[in-house]
Every structure is written in C-alpha cells, then in structure tokens.
Amino acid sequence: MPDLARRVGLGLAARGDVKDAAEWARRAEDLGLDSVWVHDSYFERDPITYLTAMGQVTRHIGLGAGALNPYTRHPVVLAMTMSALDDLAPRRCTLALGSGLPLRLSQMAIPYDDTVGRVSEAIDQIRQLWRGEPLRLNDKVPPLQPMFQPPHRIPIYIAAYRTPFLDLCGQKADGYLGRPAESLPAYQKMRARVLETAAARGRAAGDIDFRGYLLCLIDDSRREAVNRAKREPFVIYMISVLSDISMKRAGFDPQLRTQVASAWRAEDYHKAGALIPDELLDAFILCGTVPEVARRAAAYHDEAGMDVPLLQPVLQEESQVNAVLDAAVLYGTARTGAVMPAGAPVPRPAAAEGKVGALTRRARGAWEVVRPFSFTASLLPVAVGGAIALGQGRMHWSLFLAALFGGLGLHVGTNVINEIYDVRHGIDSITSPRMSMAILKGRISERDAFVVAWSGFLLALLLGLYLTLNRGWPILLLGLIGFIGGYFYTAPPFQYKYRALGLPLVFTLMGPLMVIGSYFAVTGGFDPSLIVVSIPVGLLVTAILHGNEWRDVAEDTRHGFTTLSAQVGREAAHWIYVMLVLGAYVAVGLAVMVGAIPKLALLTLLSLPLMAWILRDAERGAEGHLRAIAMIDLMTARLHGAFGALLLVGLVAGSALR
C-alpha cells in the first residue's frame with residue numbers, strides 16, 4: 001500500500017454495476033485512499049446500496065454518503081440507515097446533507113420549503129436519535145423511541161453552496177462537502193465564510209473538515225481531454241445548471257451559462273460544446289493527463305484549503321476510474337515530489353511535442369477518422385467488377401486502378417462526413433461504442449476532418465475525370481450519384497440515414513452500382529451476370545450499416561432520428577441483420593446453381609466459421625447483452641473482407657479454369 005502524504009478520496013455516482021463500484025472501492029483502499037463517497041443521482045440508483053456493497057469488501061477505507069437530503073429521506077430514516085451502515089463498517093461512515101434540487105423534488109411532488117431550516121432541524125433530530133433519546137415530531141401521539149443501537153460517532157457535513165448553508169456549516173456541522181463542478185475561487189470563498197461563522201461561534205478552524213467532489217476527465221493530452229469533455233452530454237449539463245452565484249464566484253458572466261443551457265435544452269450538443277470556452281471548462285472540471293489532474297487537485301488543497309479532494313470520473317467506466325485512481329495516488333504522494341507544485345504552468349501538448357509530433361498526431365487522427373477497417377465495403381465491389389472483366393479477357397489495368405481508388409476516395413469522404421454530422425447531432429458521445437472517436441477526443445478538429453473528407457472527394461473527382469475521358473459521360477453520372485449518396489447519408493438537408501432509407505440506398509450504391517460501374521469503367525460495356533454477383537456483395541455491405549443502426553437504435557430514437565431499426569424495433573432488427581448475412585451465402589449458392597458465376601465461388605463457404613461467431617454475438621446482443629454487439633460494424637466488416645477475398649479468388653480462378 002502506498003504511503004500517501006495527503007488524504008485523498010474517490011467520488012462516484014450511484015450508477016452502473018454495483019459490483020464494479022465495490023471493486024473500485026476495494027482498489028482505492030489497497031492504494032491507500034482515505035475514503036470513497038457516493039452521492040445521490042436523481043432517478044438512477046440508491047447510493048446506500050452501493051456503500052453497503054463497498055463496506056462488505058473493504059476493511060479500513062471511509063464511506064461517505066453525500067449529498068443526501070431530508071426531503072427524499074426523512075431524518076428518522078436517515079438516522080436508521082446510517083446506524084445500520086455503521087454496524088457494517090464501524091467508525092468509517094460519514095453523512096453529508098444538502099437541500100435537494102427544486103426541479104427534481106417538484107417532479108416527485110415533494111414540497112420545497114425553508115431548506116436551511118429543514119436541514120438544520122434534520123441534523124438536530126438525527127443526532128438526538130443517535131444518542132438513543134426519544135424524538136417527538138407529533139404532539140398528538142407519543143414520541144418515537146429509537147430501537148436501533150446508537151452508532152459510533154458519524155460526522156455530518158453540509159453539502160450546499162448558498163451563504164445561509166455556509167453559516168449553518170460553521171454553526172453545527174462537522175465538515176463541508178463541495179458539490180461536483182465547483183470552481184477553485186468559489187470554494188476558497190465558501191471555506192472562508194464557513195470559518196468566519198465558526199470563529200464567531202467560538203469554534204476552532206480544525207473542528208471543520210473540508211472536502212469536495214472534483215470532476216475529472218483524463219486523456220493522453222490536455223487538448224484531447226478538453227475536447228472530450230466539451231462533447232460529453234453530462235459535462236454540458238453540469239455547465240448548464242451552474243448557478244449565477246457559481247458563475248460570478250468563478251469570474252464568469254452568467255449569460256454564458258444561459259447560452260449553453262439553451263443549446264442543451266434544444267439537444268444541440270454540438271453548439272453547446274462549442275459555446276464552452278476552455279477557460280470556463282477548466283474552472284469547473286479537471287481535464288488533462290494524470291499528472292495534470294493531480295496538480296489541479298493539489299491547487300484545490302493548497303490554494304482553496306480543501307483538506308480531502310474527492311476525485312470523481314466524469315465517465316464512470318473502468319479506464320477512467322483507473323486513471324482517476326492513478327491521479328489520486330500521484331496527488332497523495334505530492335510531498336515526495338511526484339506532483340508539480342501548484343501554480344506551475346500547465347504544459348501545452350502541442351508546444352511540448354513540436355511540429356513533427358503535432359503532425360504525427362494529426363495524421364493518426366486523420367487515419368482513425370477515415371475508418372480504414374471499412375474500406376472493404378468499397379474496394380470489394382470495384383474488385384468484383386474488375387474480376388469479371390479479367391475473366392472475360394477485357395481487363396484494362398490503369399482504368400481499373402482509377403476506378404478502385406476513385407471509389408475509395410468517395411468512401412473516405414463519406415465516412416468522415418458521416419462522423420462529423422453524427423457528432424454534431426449528438427449521436428456520437430464519448431461513451432458510444434465506436435471504432436473512431438477521433439473528433440470526439442480531439443485527435444482531429446472538425447475543420448481538419450472536413451479537409452480530409454473533401455480530399456477524398458477531390459481524389460474521386462480527378463480520377464473520375466480521367467475515366468470520363470476514356471469512357472464518356474456515364475462515368476460522371478455514376479460519380480455524381482455516388483457523391484450525393486455518400487455526402488447526404490447523414491448531412492443535411494437529405495440525411496437519408498435518418499429517414500429509414502439508409503439500407504436500401506447503401507445496398508444499391510455499394511452493391512449493383514459499384515460493381516456495374518467498375519465493370520463499365522474497365523470495359524465500357526455491361527454484362528447481365530454483374531447484377532447476380534453484386535447481390536451478395538451488396539447484402540454484406542448493407543449488413544455492416546444495419547449492424548451499426550441496430551446497435552445505435554436507442555441513441556437514434558432519443559435524438560428523434562428514424563432509422564429502419566428504430567421503426568421495426570430491436571428484435572426485428574436482429575432478424576434483418578441475420579437475413580442480410582445469411583442472404584449473402586444463399587445468393588452465392590443460387591448464382592452458382594444458375595451458372596452465373598464459377599463453382600469456385602463457393603470458396604466463400606470457408607468464411608462460415610467467422611459468420612457463425614458473429615451471429616452468436618448477434619444473438620447475445622438480441623438477448624440484451626449489448627456489449628456483445630458494441631463492435632458489430634467492425635466484426636461484420638471483417639466478415640465482408642474474408643467473404644470478398646474468397647469470392648474474388650473463386651471468380652478469378654474459376655474463369656481461368658474454364
């Protein structure tokens with residue numbers, strides 16, 4: 001166990017797998033953290049259940065319940081609950097009381113009155129019950145007598161930011177708990193107010209412990225972390241609900257918060273994220289690398305007087321929790337020199353890595369955003385058309401290569417435009433299962449992404465002009481259809497993916513159109529067998545896109561977009577996916593039976609084991625195990641690649657043996 005020089009804790013919301021949260025608490029204890037706190041997350045899960053699970057797997061780490069409130073939990077219930085928790089984890093429990101959120105209480109039809117008086121009264125009542133004394137709440141009936149054993153001492157903190165609550169903390173609380181997304185200047189001022197009131201009541205500064213949740217988002221660089229935060233709906237929400245007092249205490253005009261909130265309510269997350277300047281985000285959220293987040297936590301301790309920072313991951317997932325724990329340990333070992341001193345300048349990644357490093361990072365972002373795993377979707381149809389021409393002795397290699405790379409250029413542009421507008425619409429969030437998060441993570445800016453997209457379209461245009469000089473105006477028509485179909489897949493005004501037209505159009509464009517188009521580019525003619533051979537190719541390409549829509553049906557529906565999967569529902573969408581995949585094999589078999597393609601095309605059956613593995617995961621996804629289909633687009637693309645390679649070998653070899 002590390003010897004931590006400064007106390008530090010872990011903050012969690014009451015969401016996700018309870019067993020995962022308990023394991024994180026055990027890990028935090030092993031690392032030497034002071035405490036783990038779980039706060040009420042309205043309409044999610046019960047925090048006490050999480051703390052109970054944590055208490056069962058740990059022995060020493062403190063357990064903090066906060067902030068709870070006396071509206072959703074009566075003071076008597078709070079006293080009973082914390083007594084039971086103390087029995088499970090003796091001398092390890094702490095309770096923090098807040099006022100509750102007026103909107104959430106109104107949604108539950110709970111009256112919202114004098115909050116300060118209510119919380120003050122609740123503290124007195126809870127402590128009275130913990131002393132084992134009777135409590136009279138109704139003069140018409142006998143007082144209630146606590147039947148539970150008085151607990152060990154359980155500190156009570158105040159968790160509210162208004163001045164009357166700060167005064168209440170100074171008067172009678174054991175500590176103060178800062179809420180998530182609180183600025184350093186604000187916390188500094190609130191601590192000073194608490195201590196001022198405490199001194200006026202004859203209390204020493206050491207009688208009050210100061211803690212606070214610090215929301216953290218950690219990535220490979222500060223820039224990536226900041227960009228992720230700006231695109232994360234939870235962060236945008238936290239900024240949108242900041243009070244005027246919080247904004248002013250941090251030195252910002254509340255009007256800025258109002259603009260962000262308006263975009264949030266309109267579910268325009270792209271606009272909302274763009275409205276948040278880096279300075280505003282940095283004031284309320286700890287974004288950066290592990291050392292940078294540790295240094296920011298140290299600033300809250302050294303400059304604002306926060307005795308125990310509670311580092312809370314914005315994204316409550318394994319990788320972020322682990323990173324936050326690393327930052328907590330680094331903060332805790334500050335006196336050994338592991339953390340830069342507070343006030344040291346934050347290193348800017350771009351300046352530190354130099355021009356070569358910056359170019360390398362941007363190149364990696366560009367490579368990620370084009371989604372190279374999906375390139376088989378465009379390369380295979382063109383290659384099939386070329387294979388048919390080769391088998392007929394009509395191959396023209398320069399024209400074939402122009403068609404191949406022209407189709408790839410269109411595909412690159414389409415992929416990038418698709419990602420840009422999915423991010424703009426808020427469909428892609430940082431928690432979404434995606435093979436590319438280049439824009440979300442800031443590895444490439446939206447402007448640079450447009451440059452990549454239009455570079456792909458420009459390549460397609462130049463090669464299309466070359467093909468037009470050799471094959472005439474039909475090439476221009478085919479290219480224009482491909483561009484319109486690709487660009488407006490998710491881009492306005494058509495956005496045909498969101499009009500339940502995506503699948504039939506993708507089948508047509510990347511099946512028959514590309515196979516027939518590439519054959520025409522190479523030979524200048526047409527062959528009826530092209531329609532037959534293009535069907536299995538188109539079905540598997542469509543399966544890639546349909547798998548994507550099926551997986552994302554909840555997000556698409558939440559944002560008001562209509563896809564085929566959203567229309568037919570998850571169960572029917574699963575069977576459509578199965579039929580598309582199986583249909584490709586059936587189509588090859590029928591084509592061989594009627595003599596449209598060589599018998600060696602049955603080599604595609606060698607990919608059946610891969611197909612069976614994918615369909616097994618699809619079945620698990622249909623049963624509710626959504627993680628099984630998190631990468632279904634990648635898995636289907638791999639099947640498409642294997643199927644396509646075997647089909648090409650069969651077409652070429654079969655033609656050679658005729």
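If you read the sequence from its start, that first residue is 1, and numbering goes on from there. Model, not experiment: these values are computed from the prediction.
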With sequence neighbours excluded, give me every ring pair (Phe, Tyr, Trp, His ring centres under 6.0 Å) pair touching residues 69-118. Tyr71-Tyr112
Side-chain heavy atoms of Tyr331 within contact of Asp326, under 4.5 Å: no
Quick test of your reading of the model: are Arg249 and Asp244 salt-bridged, counting only N-O distances below 4.0 Å? no
Looking only at non-hydrogen atoms, find the nearest pair between Ala225 and Asp219 and report the distance. N-CB, 3.7 Å
Can you tell me how far OG of Ser99 sits from CG of Asn69, rounded to the nearest 0.5 angstrom? 7.5 Å
Is there any side chain to side chain donor-acceptor pair (under 3.5 Å) pair reaching into residues 165-176, and which pairs are they, with sequence neighbours excluded? Ser120-Lys172, Asp124-Lys172, Arg127-Asp174, Arg153-Asp174, Asp167-Arg193, Asp167-Thr197
Among all residues two or more places apart in sequence or in another chain, which pass the side-chain contact (heavy atoms from CB on, under 4.5 Å) test with Ala25? Val36, Met54, Thr58
Return the minimal non-hydrogen interatomic distance between Met190 and Leu166, and the atom names on each side. CG-CD1, 3.6 Å
Audit row: Leu214, Met306, side chain to side chain contact (heavy atoms under 4.5 Å, CB included) steps and yes/no: CA-CA 11 Å; Leu214 299 179; Met306 183 180 288; 4.0 Å; yes
Do Leu95 and Pro155 make a side-chain contact, defined as non-hydrogen atoms from C-beta onward lying under 4.5 Å apart? no
Is any side-chain heavy atom of Val314 closer than 4.5 Å to a side-chain heavy atom of Gln320? no
What heavy-atom pair brings Ala13 and His39 nearest, and what distance separates the two atoms? CB-CE1, 3.8 Å
When rounded to the nearest 0.5 Å, the distance separating CG of Asn138 from CG of Leu144 is 10.0 Å
Under a 4.0 Å N-O cut-off, is there an ion pair linking Glu29 with Arg26? no
As a quick check of understanding, evaluate side chain to side chain contact (heavy atoms under 4.5 Å, CB included) for Lys248 and Phe252, giving each step before the final call. CA-CA 5 Å; Lys248 290 176 180 177; Phe252 293 94; over 6 Å; no
What heavy-atom pair brings Asp40 and Arg73 nearest, and what distance separates the two atoms? OD2-NH1, 2.8 Å
side-chain contact (heavy atoms from CB on, under 4.5 Å) involving Val321 - partner list, sequence neighbours excluded: Trp24, Pro313, Leu325
Could you measure the distance from the CG atom of Asp87 to the NE2 atom of His152? Nearest 0.5 Å is fine. 8.5 Å
Applying side chain to side chain contact (heavy atoms under 4.5 Å, CB included) to Leu97 and Leu78, what does each step give before you reach the verdict? CA-CA 10 Å; Leu97 288 178; Leu78 283 169; 3.7 Å; yes
CA sep, side-chain torsions, deciding dist, call: Thr49, Thr52, side chain to side chain donor-acceptor pair (under 3.5 Å): CA-CA 5 Å; Thr49 303; Thr52 302; 5.9 Å; no
What pair of heavy atoms forms the shortest contact from Arg203 to Cys169, and how long is it? NH1-O, 3.3 Å
So how far is it from Phe210 CZ to Leu177 CG, rounded to the nearest 0.5 Å? 11.5 Å
Which value, rounded to the nearest 0.5 Å, describes the distance between Leu129 atom CG and Glu133 atom CD? 9.0 Å
Salt-bridge present (Arg15, Glu44; N to O < 4.0 Å): yes
Listed by chain and number, what are the side-chain contact (heavy atoms from CB on, under 4.5 Å) partners of Pro134, not counting sequence neighbours? Pro143, Gln145
Side-chain contact test, heavy atoms from C-beta onward, threshold under 4.5 Å: evaluate it for Ile208 versus Val194 and give yes or no. yes
Atom pair CE/CG of Met238 and Leu281 - distance to nearest 0.5 Å: 12.0 Å
Could you walk me through whether Glu23 and Arg27 pass the salt bridge (charged side-chain N to carboxylate O under 4.0 Å, His left out) test, one step at a time? CA-CA 6 Å; Glu23 169 59 23; Arg27 203 176 305 164; 3.7 Å; yes
Criterion ring pair (Phe, Tyr, Trp, His ring centres under 6.0 Å) on Trp37 and Tyr50, from CA distance to verdict: CA-CA 10 Å; Trp37 287 67; Tyr50 284 79; over 10 Å; no
Go through it in stages, so that I can follow the logic: the residues are Arg223 and Asn227, the test is side chain to side chain donor-acceptor pair (under 3.5 Å), and I'd like the CA-CA distance, side-chain angles, deciding distance and then a yes or no. CA-CA 6 Å; Arg223 183 73 265 157; Asn227 283 350; 3.2 Å; yes
Thr289 and Val293: side chain to side chain contact (heavy atoms under 4.5 Å, CB included), yes or no, with the steps? CA-CA 6 Å; Thr289 62; Val293 167; over 6 Å; no
Please evaluate residues Ser565 and Arg551 with respect to the criterion side chain to side chain donor-acceptor pair (under 3.5 Å), reporting the C-alpha separation (whole Å), side-chain torsions for both, the decisive distance (0.1 Å), and the verdict. CA-CA 9 Å; Ser565 294; Arg551 177 196 64 199; over 6 Å; no
Give a yes or no on whether Glu623 atom CD has more than 12 heavy-atom contacts from other residues, nucleotides or ligands under 6.0 Å away. yes
State, with a plain yes or no, whether a side-chain heavy atom of Arg162 is found less than 4.5 Å away from one of Thr115. yes
Do Asp302 and Arg6 meet the salt-bridge criterion of a basic N to acidic O distance under 4.0 Å? yes
Do the charged groups of Arg296 and Glu292 touch, with an N to O distance under 4.0 Å? no
Test log, rule side chain to side chain donor-acceptor pair (under 3.5 Å), inputs Arg211 and Ser35: CA-CA 11 Å; Arg211 305 188 177 213; Ser35 55; 3.0 Å; yes
I need the full list of salt bridge (Lys or Arg N to Asp or Glu O under 4.0 Å) pairs touching residues 88-109, with sequence neighbours left out, sorted by first then second residue. none
Determine whether Leu256 and Pro277 make a side-chain contact, defined as any pair of heavy atoms from C-beta on separated by less than 4.5 Å. yes
Please report the closest heavy-atom contact between Ala89 and Cys93, naming both atoms and the distance. O-SG, 3.6 Å
Mind checking whether Val241 and Arg257 have side chains closer than 4.5 Å, heavy atoms only? no
